[in-house]
Asker: 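I'd like to ask some things about the structure below.
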Amino acid sequence: YHILVSKYVSLAIGVILLLILNSKTVWSSEGCVDDFNFQRTCDWKEIKDSKSYWTVDFGKLTGQTKFFETEASIYYLAQNINGNYSIEADVTSISGVDRTIIGRYQDPLNYYVLDLRSSFNGSQGNDLLLAKHCCQGLRKTLRKVSFQNEFGQSYRLRIDFNGPEIMAFVDNKLLLQYTDTVNFDPPLLTGAPGLLVWGGNWNEEIGAKYTEVSFDNVSITQLTPKRVFIIVPGFGGSLDLPSLLSCTLETTSREWALAPYAKVYDRLISTFSGNGFQQDADFYVYAYDWRQAMPLQADLLKFYLDDKI
């Protein structure tokens with residue numbers, strides 16, 4: 001990324017440069033929702049055994065499986081969906097430790113799990129755990145963060161997938177980020193979103209013989225990158241009069257703006273605006289101190305892109 005920005009900056013001197021970038025944070029309205037009552041646009045499939053069940057009643061989906069079962073009971077989306085999406089749901093423990101949603105489900109041996117765990121085994125639990133099932137069914141813990149939670153209380157779990165990047169939220173608060181690499185095994189880049197109940201290893205310690213969890217208000221949203229345009233003025237196209245008159249190279253000044261005499265950019269900006277693009281949302285004008293050395297220019301542009309895109 002730094003090398004790419006350096007290349008962009010070197011090209012910007014003396015010319016008009018238009019960067020075309022993809023935003024990582026824009027979600028489309030495509031996908032499905034399911035409140036297990038009136039609004040049901042998701043098409044689900046079940047994976048369960050004789051010791052598990054799924055049922056829809058009183059406007060909620062409830063799953064149950066026996067204590068310490070090796071096979072989890074899974075409720076996954078049957079509709080076609082690409083690998084980049086968000087799944088979120090209200091999840092409530094009825095019995096057991098684990099509240100789980102899953103993503104990129106390919107088969108019973110390959111998928112990601114987001115697990116909000118209650119306290120167990122004395123000092124364990126009270127955390128949010130991201131795990132990966134792969135490699136002949138092995139479960140690998142990828143990341144774990146502490147999160148105090150109450151048994152029986154409903155929490156909204158959400159997990160976002162964008163390429164190898166994974167973000168997890170509880171009650172709309174970002175708690176966990178992870179980038180799955182190919183150092184040990186390839187990341188799972190495709191597969192369906194879903195819901196899961198798992199017997200776990202510690203239910204008996206808290207007096208439970210099975211895991212029972214209810215799910216409600218499930219929302220699955222497809223990720224669609226939004227194209228964003230950055231107009232980078234050429235040499236002398238940006239102006240901060242106090243900095244120029246003081247003859248100082250102030251790196252913290254935020255007063256640089258498109259120079260009023262730089263009329264060459266007006267037509268480009270009006271073309272964007274006339275076609276429904278909003279400035280500082282769909283396109284940006286990056287004004288900068290063109291006197292600075294090239295390595296610093298690259299860093300400043302990178303900071304700007306990281307902040308805006």
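Counting begins at 1 with the first residue of the sequence. It should be emphasised that the depicted structure is a prediction, and the values quoted were computed from it without experimental measurement.
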Asker: Has D127 got a side-chain atom pairing as donor or acceptor with L129's backbone, closer than 3.5 angstrom?
Answerer: no
Asker: Taking the side chain as every heavy atom from C-beta outward, state whether I159 and I101 have any atom pair closer than 4.5 Å.
Answerer: yes
Asker: As a quick check of understanding, evaluate side-chain contact (heavy atoms from CB on, under 4.5 Å) for Q297 and L301, giving each step before the final call.
Answerer: CA-CA 6 Å; Q297 297 281 21; L301 177 55; over 6 Å; no
Asker: Is any side-chain heavy atom of F161 less than 4.5 Å from a side-chain heavy atom of L188?
Answerer: no
Asker: Could you check if a side-chain atom of L77 sits within less than 4.5 angstrom of a side-chain atom of Q79, using non-hydrogen atoms only?
Answerer: yes
Asker: Using the ring of each side chain (for Trp, its six-membered ring), is F229 parallel, tilted or perpendicular to F272, with breaks at 30° and 60°?
Answerer: tilted
Asker: Under a 4.5 Å cut-off applied to non-hydrogen side-chain atoms, are L116 and N149 in contact?
Answerer: yes
Asker: Taking the side chain as every heavy atom from C-beta outward, state whether I87 and L195 have any pair of such atoms under 4.5 Å apart.
Answerer: yes
Asker: Surrounding CD of Q153 (heavy atoms of other residues, nucleotides or ligands, distance under 6.0 Å), is the total greater than 12?
Answerer: yes
Asker: Apply side-chain contact (heavy atoms from CB on, under 4.5 Å) to residues K132 and D185 and explain how you reach the verdict.
Answerer: CA-CA 10 Å; K132 179 181 181 181; D185 51 80; 2.4 Å; yes
Asker: Does S273 reach the side chain of F283, with side-chain heavy atoms less than 4.5 Å apart?
Answerer: yes
Asker: Say whether F58 and F215 are linked into one hydrophobic cluster, either directly or through other cluster members, by side-chain heavy-atom distances under 4.5 angstrom.
Answerer: no
Asker: When you compare the side chains of D115 and T100, does any donor N or O come within less than 3.5 Å of an acceptor on the partner?
Answerer: no
Asker: Would you check if the distance from the ring center of W256 to the ring center of Y288 is below 6.0 Å?
Answerer: no
Asker: So do the side chains of S86 and R158 get within less than 4.5 Å of each other, counting heavy atoms only?
Answerer: yes
Asker: Do V33 and I81 belong to the same hydrophobic cluster, where Ile, Leu, Val, Met, Phe, Trp and Tyr are linked whenever their side-chain heavy atoms lie under 4.5 Å apart, directly or via other members?
Answerer: no
Asker: Can you name the ring-ring contact (aromatic ring centres under 6.0 Å, His included) partners of Y105, sequence neighbours left out?
Answerer: Y76, Y111
Asker: Whether D180 and R104 form a salt bridge (side-chain N of Lys/Arg under 4.0 Å from carboxylate O of Asp/Glu) is what I want to check.
Answerer: no
Asker: Taking a hydrophobic cluster as the set of Ile, Leu, Val, Met, Phe, Trp and Tyr residues connected by side-chain heavy atoms closer than 4.5 Å, whether directly or through intermediates, do L196 and I94 fall within one such cluster?
Answerer: no
Asker: With Y75, which residues qualify under ring-ring contact (aromatic ring centres under 6.0 Å, His included), at least two apart?
Answerer: W44, W54
Asker: Less than 4.5 Å apart, side chain to side chain, heavy atoms only: is that true for V197 and Q64?
Answerer: no
Asker: Regarding E46 and Y53, do their side chains bring together a donor and an acceptor under 3.5 Å, going by distance alone?
Answerer: no
Asker: Looking at D90 and R156, does any basic side-chain N land under 4.0 Å from a carboxylate oxygen?
Answerer: yes
Asker: Under the salt bridge (charged side-chain N to carboxylate O under 4.0 Å, His left out) test, which residues partner K60, sequence neighbours left out?
Answerer: D216
Asker: Could you tell me which non-hydrogen atom of P233 sits nearest to which non-hydrogen atom of L258, and how far apart they are?
Answerer: CG-CD1, 3.7 Å
